[in-house]
Every structure is written in C-alpha cells, then in structure tokens.
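Accompanying notes for the structure given below.
The figures here come from the full heavy-atom set of this structure, side chains too, leaving out hydrogens, waters and symmetry mates. Note that the coordinates shown come from a computational prediction; the quantities given were computed from them, not determined experimentally.
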Amino acid sequence: MHRTTTKGTDAKAVNENQTHSSVESTENTMKMIEQEDFVVTSSLSFHENKATAEEKFVKLQKSPTGNNHGNVKLSRSVTLLQGISLMVGVMIGSGIFVSPRYVLLHSGSVGVTLMVWISSGVMAMFGALCYCELGTMIQRSGGELTYIREALGPLAGFLVSWTMVLILKPASVAIVTLSFASYAIQPFLNEKDMDTEQLIKFIAAVCIILITTVNCVSSRWAGQMQIVFMVMKLLAIGIIVVIGACRIVSGHYENFQSPFKGTNPNTGEIAHAFFSGLWAYDGWNQLNYVTEELQNPHKNLPRGVMIALPLVTFCYTLVNIAYFSILTPAEVLSSNAVAVSVAEKVHPTLVVIMPLFVACSCYGAANGSIFTNGRVVCSAAKEGHMPHFLATINTHFNTPLRAIMFPSSISLCLLMIGNLDSLLSCFSFVAWIFLGGTFLSLLILRWKKPHDLRPYKVWIGIPVVMLVVSCCLVIAPLLAKPQSSAVALGFVLSGVPVYLLFVYRSK
C-alpha cells in the first residue's frame, strides 16, 4: 500500500513537472514572438503587438495538415485601400446618379437640397465613428448582430441575423443588380425594344453569379475588383463635376441666385428628404462587417471611416451643384436618372458613356455588398443563429464559401418577385431599428464594461444624437405607413419562436 502511494505521488510529481515545463515553454514561445514583434513593429501599440504575437502562437500550434475546416480563420487580407474602396464602393451605387430628385422633391429648394446632402453626410460620419469604437473594441466581423448580441443579449442578436440574412441583405443585392442590368443594356436598346424585363432579370442573375464566384474564389480578387470600380465611380463623378464647373464659369448659375426659393415649410417633408439623402449614404457601416479580415483594425478602421465619409460627402455635394448648373429644378424633378439627363443635355456621346458608368457603379456596389453579406452570414452561423456549416472556411480558397453563396442564392430567388422596391421600402425602417439598437449598445457597453480596452473612443454626445435620429427615422414610417410597417415588424418578431425552438433549446 505504501509503495503504491509513493508510486502515485511520483507520477503526480512527474505530471506536475511536465505541465510546468509545458506552461513554461508556452510562455517562452510567447515572449520570443512578442520580442520579435516589438523589434519589427515598434511603431505599433502594446495591445496590437500582443494580439499579433497571440495570432502567431496559435498558428504555431495548428496542425500542419490544415484539414481542420472548423478551426480555420479568415486571414487579415483587407488593406486600408481596399477597406476605403469597400465603403466608397457600396455607398456610391446608383443613388447619386438616379435619385437626387427625391431630395429636391421633399425639400422644395436648391439650397435646402444641398444642406440635406451635406447634413446626411455628417450624420453618416457620426454613425460610422460610433461603429469605429465598437469595431476596435469588439474585433469580430458581423456588424450590428455582433454588437447588439454583446449588449442586448442573444435573442436581440438573433432577430438582427434573422432579418438581415433572409431579407435586407439579399433584397439590396437584387435591387442593385437590377439597376446594373437596366443601365448596362440602355445604350444598346432601340425605341422599338419594348419588353426588356426578362432580359434585365437574366443579366442581373448572371451578375450575381459572377460576383459571387469571384468572392468565393479569392477575397483578394474581390478587393482588387472593388478598387477598380471605385476608381470608375470617381471618374464618372469627376466628369459630371468638371462639366458643371465649366457651366458655372461660363455664367450658368441662375439656379443658385435664390437658393432657398420654394423651400417646403412642412417638417415632415424635410424628414423625408433626409430619408432619401441618408439612403444614398447607405453603406457607411460596411467595414465593420469585415473587421476580422482588416489589417491592423485598431488604426485602419478609424482611418478608413475618416477618409471614405468626407470623400463621399464632398463628391455628393459637388455632383449636386453640377446637376443644378446644367439642369433646372423642374428638369431634375422630371428625370428618372439625373446623370443620364445631364448627358443628354450636354453631348450625344455622353448618352452612351454615362449609363455604362452608372452600371459600373452598381456593379461595384453589388460586389461590396456580396463581400460583406458572406461575413454577416458567417458571423451569424458562428453565433448559432444559422446552421453551423455556413461558418466553415474553405481551406483551399480561405473564404467563407458557403456563407457567401447562401445570401446570393436568396437574391436570385428574389429576382423572380415583381416589386422589390416595395419590399425594401417596407423593411427600410427596420434597418434603422437595428442601427438605433447598435448606438444604444455602445452606450450600454460603456456602462457595463467601462474598463474594456477601447483603442478608439467617440465623444459620448455622438451616439446619443444618433440614437435620437434613429428613433425619429423609425417613428416617421410607422406613422406614415402603419400597415407595411406592421408587416415588416411581424416578420422580425416571427424570429422569436424560431429562436426559442431551434437556437435557445440547442443551448
């Protein structure tokens, strides 16, 4: 009995020594990596060096076969330039080329229209700064669903996933690709061509399949493609701005002589003007959907926001000034596509070129949306809100292949629906519920986790203002369109029994 006890004690001592040696070896490895990183990247902060060291240590511990699909993580392959192009590419879609007339329609005057465009850009900037704090604090992809789950609980996070993955994101891609198809074929149509609906839907479907394929095969290719289309968007805007500047220099500035003449006194109509303006800035939160893949997110997330938002606001303001230097307010209001109307008035050659530029802008917006959609689905699957196999990272391409394909397949199905615009307008105020929930989450996390590391910290007044703005943008549609709003809310709340049956019980 005594010998057995001694033997057990010796074995225990050996195990403790082995464990101690293993821990000591691990600590030494971490120290060596951190020292190496300190020498190589001495300009980075302590937290960034530590994060890099930990990532390298995890890589050292991985199996060399690399066949563990479930544990593979997305690489930090998104550069600052690609992040900026992602935000600019998604924000500048068809909106600025097609729908400035809606801002003018509700505001009533040129002066207020320009003020709405600038103010909408400032509000988008405020919202993006709030997301910078959340994105640098919680460095996981997923955007709203990640932050709301962290602050408001798993049920709230699931309802965000439920609505965004199944309706908002796929419907947005379907509409953008339909816009791409309609403008892409416009230069090649004759007046005799009457029914083009099926052709437009076919081209939109091909567009979705092509962009999805590129995003599945390579995140780097998708990022490079986004840069190319960002340049083309800015080139189209540059052409319009140069034409407008030439017109103003030559004395065509009569629309600016009484800029506030005809201003709509109805505050409700001004609120609708802001709806249209903010819709054109939609996409300012796209970089937070890919935080896990962004290089050096502590620095590049705030940098991307502070470059992209002022750039887009500046471009939108100059483009609208150019529009009013070429077209009268009545011509803007009667135009279905303001950029094309400008082309028709200036030179016949631009009638062919401008629709192609608008099509390229829509294509770039679709590419950015599909890129981020896959990350939203992947994050939802990791949280248990979607089937777990959607979170799998393909080891050959190092992309969330299934997560990219899933929302794109829903977009293809939605193309068969006749009126997608009414579907998205029905759910547009729901998006602002989620945005408002995110701003509220920032305030809650400030209270619940005051000592957590925040590499970027926004002034507390900004999320408070954005929360109030979100409430206004939610209440207005509820009062204006109670029936369609009730339908949208009904779909959101239908996720509650799904959560209780399939998500909560599985835990």
Side-chain angles (χ1 to χ4, degrees), residues 84-129 176 179 183 226 229-245 247-248 253 255-256 259 270-287 304-327 329 331-333 335-343 354 357-358 360-362 364-365 368-369 469 473:
I84 293 169
S85 66
L86 177 65
M87 294 183 71
V88 173
V90 176
M91 278 191 283
I92 304 178
S94 62
I96 189 60
F97 301 110
V98 176
S99 61
R101 67 170 181 151
Y102 295 110
V103 179
L104 176 62
L105 177 66
H106 294 295
S107 62
S109 68
V110 173
V112 175
T113 295
L114 295 177
M115 290 175 64
V116 167
W117 282 105
I118 296 170
S119 301
S120 297
V122 172
M123 281 194 280
M125 183 74 180
F126 284 172
L129 292 176
V176 171
S179 297
Y183 283 101
Q226 196 66 18
F229 282 103
M230 179 187 72
V231 172
M232 295 187 72
K233 293 169 192 281
L234 295 179
L235 181 60
I237 288 173
I239 291 172
I240 295 172
V241 169
V242 169
I243 294 171
R247 293 273 297 181
I248 291 173
Y253 48 80
N255 290 332
F256 304 102
I270 299 297
H272 278 286
F274 273 100
F275 264 119
S276 301
L278 288 168
W279 178 78
Y281 285 96
D282 185 40
W284 51 262
N285 55 348
Q286 293 296 302
L287 204 52
V305 165
M306 291 175 187
I307 293 172
L309 265 299
L311 175 63
V312 173
T313 305
F314 184 67
C315 288
Y316 280 5
T317 305
L318 290 182
V319 166
N320 276 278
I321 292 172
Y323 286 155
F324 288 116
S325 68
I326 300 166
L327 303 174
E331 288 173 329
V332 171
L333 290 173
S335 173
N336 291 323
V338 182
V340 177
S341 298
V342 167
M354 194 54 66
F357 271 124
V358 177
C360 289
S361 182
C362 295
S369 295
V469 170
L473 294 175

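Partners of V305 according to the side chain to side chain contact (heavy atoms under 4.5 Å, CB included) rule, which considers only residues two or more places apart in sequence or in another chain, are M87, M125, A128, L129, C132, L309. When the ring-ring contact (aromatic ring centres under 6.0 Å, His included) test is applied to H106, the partners found at least two apart in sequence or on another chain are H272. In this view, V241 and I237, L318, V319 satisfy the side chain to side chain contact (heavy atoms under 4.5 Å, CB included) rule, not counting sequence neighbours. A search for side chain to side chain contact (heavy atoms under 4.5 Å, CB included) contacts involving M115 returns F260, not counting sequence neighbours. For the ring-ring contact (aromatic ring centres under 6.0 Å, His included) test, no residue two or more places apart in sequence or in another chain qualifies with F126. Evaluation of the side-chain hydrogen bond (donor to acceptor under 3.5 Å, both in side chains) rule for S109 yields T263 as partners, not counting sequence neighbours. Considering only residues two or more places apart in sequence or on other chains, T113 meets the side-chain hydrogen bond (donor to acceptor under 3.5 Å, both in side chains) condition with S107. By the side-chain hydrogen bond (donor to acceptor under 3.5 Å, both in side chains) test, S369 pairs with no residue at all, sequence neighbours left out. Checked against side chain to side chain contact (heavy atoms under 4.5 Å, CB included), S120 has the following partners two or more places apart in sequence or in another chain: V116, F274, L278, Y281. Taking the side-chain hydrogen bond (donor to acceptor under 3.5 Å, both in side chains) definition, one finds that W117 meets it with N320, sequence neighbours left out.
Taking both residues in full, the closest heavy atoms of F229 and C360 are given as CD2-O, 3.3 Å, listed atom of the first, atom of the second, then distance. Nearest heavy atom pair, residue V358 against residue A339, reads CG2-CB, 4.5 Å. When all heavy atoms of S341 and S335 are compared, the pair lying nearest together is OG-OG, 2.5 Å. The nearest pair of heavy atoms linking S276 to Y102 is OG-CB, 3.6 Å. Taking each heavy atom of V176 and A365 in turn, the nearest pair found is CG1-CB, 4.0 Å.
Rounded to the nearest 0.5 Å, atoms CE (M230) and CD1 (I84) are 7.0 Å apart. Atom CZ in R247 sits 15.0 Å away from atom CD1 in I321 (nearest 0.5 Å). Residue I248 holds its CD1 atom at 9.0 Å from CD1 of I326, rounded to the nearest 0.5 Å. Taking SG of C362 as the start and NZ of K233 as the end, the distance is 7.0 Å to the nearest 0.5 Å. Interatomic distance, M123 CE to I118 CD1, rounded to the nearest 0.5 Å: 12.0 Å.
No more than 12 heavy atoms of other residues, nucleotides or ligands sit less than 6.0 Å from atom OH of Y253.
Within the 4.5 Å cutoff, side-chain heavy atoms of F256 are placed close to those of L114. In this structure the side chain of V340 never reaches within 4.5 angstrom of the side chain of F97, judged on heavy atoms.
Between the side chain of T317 and the main chain of T313, a donor-acceptor pair closer than 3.5 Å is present.
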#### Entry: Candidate pair F357 and I239, rule side chain to side chain contact (heavy atoms under 4.5 Å, CB included), full reasoning
CA-CA 10 Å; F357 271 124; I239 291 172; 3.7 Å; yes

